[in-house]
Structure formats: C-alpha cells, structure tokens
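Report on one structure; see the data block that follows.
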Protein chains: 2
Amino acid sequence: MSLSIGQVAERTGLSVHALRFYEKEGILANEVHRGPGGRRVYTQQDVDWLRMCIMLRMSGMPVPEIRRYTELVRQGDGNELQRLEILKEHQERVRQQMAQLQECMDLITYKVGIYEDYVNSIATRAVGQ
Amino acid sequence: MSLSIGQVAERTGLSVHALRFYEKEGILANEVHRGPGGRRVYTQQDVDWLRMCIMLRMSGMPVPEIRRYTELVRQGDGNELQRLEILKEHQERVRQQMAQLQECMDLITYKVGIYEDYVNSIATRAVGQ
DNA sequence: CTAGGAACTAGAGTCGCCTCTAGGTCAAGA
DNA sequence: TCTTGACCTAGAGGCGACTCTAGTTCCTAG
C-alpha cells in the first residue's frame, strides 16, 4: 500500500512541511521513492518509522541524533551495539527529565493545595461561617 | 542579607544575563532595587521566587505565563482564584507531559530490550555456545 | 595611577525546529 | 478550457528563550 505525503501527514500528525523537512534532514530509514510527477510515495513502514521518530522527538531527542540513529539503521546489520548505546543514553535522559518533571509537579501540587485551602477558607467565611 | 547579581546567578544556576532578562520580562515578584552605582541588590526572597520560576520554566511554563502569574502576586491579595487557575492549568499540562514521556519511555525501553537480547545472542554465539 | 573584575545598558545574534512563501507542475472534474 | 487542489523545490521567516557584544562606570588591590 502506498501513501501520498498528505496521507502520511494525516496519519502521523506531522505537517506536510515537517515531512519534507525530516526527509531533508535524513530522518527516514529508507529513501522515499517518487511516483509520477516526482511525487513522494510512502509505505506503511515509513509511517511506522516516523511514529517512532515522533516518540524520540517528543521525548527530546534532537534531530541530529535521530539522524545518527537512522543512519545506523540504514547501514543494516552489524552496528546494533551502537544503536543500543544511543537508545540507552536517551533512555537515561528521559529518566532524568521525568524525575525533574516530578519534582516540579510536587511543588505545583503543593502550591495548588495551599491556594485551594485559602480560597475555600475565604468562600466559607463569605457565607458567614 | 543582600546579594549581588553574580551571587544570585551562583545560587540559582541562572546566568547573569538570564537574570537581567527575567527582570526585563517582569518575572520578579518585587522590584529589584539598586545599590551604589546602580547595581542590582537582591534579597533571599528574590532567590526563593526565582527558584520557583525555574521550576515553572523547567516544566514548560512559557515566560509570558510566568509573567501573568507574577503580576497577580505583585498585585497582592484578592486574586488567589486566578493564581490557582494558572497553577491548575499548568499542573494539567505537566501531567500530560509526564504521561507522554512515559509512553515514549515505554517504547524506548521495549527497543532497548530487543537490542539487548539481540546483542547478547550474538555475543553468546561468538563464544561458541 | 592603573589594571582587573564585576556590574551596567541597549540591542543584536544564536539555536533548534519547524513553518511559510514564491513560483511552479500536474491531473481531474465542471 | 478553466479552476481547484495536492504536490514540487529552494530558501526565507518566525518563535521562544536566552546569550552575547560593545561601550561604559565603578570599586579594590597592587
């Protein structure tokens, strides 16, 4: 099954612009070939790959590092250890990010609690209690 | 106790540049007053406030929204409900962010597992087992 | 007195990641 | 035939959050 750039945009949530940008940045595991009129033809694998890249991006992996990873995949078998290393490094970064976010969340939750108590106490007083 | 901009930079981890930038952006709860030669003089409260702002930033609150919040605090009593709303909205965003990050983490962990198994199987085969 | 270092201002520059523009091709439907 | 709409390229533009520069002022130590 082959897909147009518009269809891929739809099912990945990326814009058509972003898809061309990603391609130019070397973030597609296999070269997108072209149909009549030079139009890009994508496959379901491309969509799957893109979905993974979106996950990596969402979790803060920079485009150049996604490119490095993509290049390893493109090279084929034999560099699995390098791929693993990239993934593990990233995993560690995500872990830290989550810890940090949890810390922020704790502070925010604490403050929300304080303000809720305060606002409630005001409301209670207002009805004469 | 009063602190110079350099000292505040040290204890918040922000750069001197960033501190001036934050001030210009209206992100300080009380106006920083100036010492001899027009130099900024900070207090411990400023540092505490900045630390909270850093938490908000780290968790993705945009500078303009921190400014809105700061303005409410500067206005003083009476707008606690609005402050609470800002915090709750942000809390929700952070929650979503964490969920998203967890999703990414799951995928990465899954891939790491696969590559680890594969790399191990290769290593095992290499020693003739 | 002079050199260093920290501070000051206003405003320009940078970085990452898209997003958009301009100007064009092509195929299908009214 | 004409228009619409999806696609194409190369390259410019935008945004958020800093970061850095240039040109000063001021204090302190040697």
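Just so you know, these numbers use all the heavy atoms, side chains as well, and skip hydrogens, waters and symmetry mates. Below, chains carry the letters A, B, ... as their sequence lines are ordered, and counting in each starts from 1. Since this is a predicted model, take the numbers as computed values, not measurements.
The side-chain hydrogen bond (donor to acceptor under 3.5 Å, both in side chains) test with A/Y115 singles out one residue from B/E80, B/R83, B/Q82, and that residue is B/R83. Results of the side-chain contact (heavy atoms from CB on, under 4.5 Å) test with A/I5 over A/V32, A/L19, A/V41 single out A/L19 as the only residue that passes.
Heavy-atom contacts of chain B under 4.0 Å fall on DNA chain D between two terminal nucleotides, which in 5' to 3' order are D/dA17 to D/dC26.
In terms of modelled atom types and a separation under 3.5 Å, the side chain of B/E92 and the main chain of B/E89 share no donor-acceptor contact. A donor-acceptor distance shorter than 3.5 angstrom exists from the side chain of B/W49 to the backbone of B/I27, with no hydrogens or angles considered.
Between B/E65 and B/R93, at least one side-chain nitrogen of the basic residue sits less than 4.0 Å from a carboxylate oxygen of the acidic one, meeting the salt-bridge criterion.
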| salt bridge (Lys or Arg N to Asp or Glu O under 4.0 Å) assessment of B/R40 paired with B/E23 | CA-CA 10 Å; B/R40 287 168 180 84; B/E23 182 180 338; 2.5 Å; yes
| field | Audit row: B/E116, B/N120, side-chain hydrogen bond (donor to acceptor under 3.5 Å, both in side chains) steps and yes/no | value | CA-CA 6 Å; B/E116 263 170 353; B/N120 283 341; over 6 Å; no
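When rounded to the nearest whole Å, the span between NE2 of B/H17 and P of C/dT14 equals 15 Å.
Atoms CD1 and OG1, from A/I54 and A/T12 in turn, are 4.5 Å apart once rounded to the nearest 0.5 Å.
A heavy atom closer than 4.0 Å to some atom of DNA chain C occurs in A/F21, A/Y22, A/R39, these being the qualifying members of residues 19-55 of chain A.
The nucleotide whose nearest atom lies closest to any side-chain atom of B/V16 is, among C/dC18, C/dT19, C/dA7, C/dA7.
Place B/Q7 and A/A18 on DNA chain C by their nearest nucleotides, and B/Q7 ends up nearer the 5' end.
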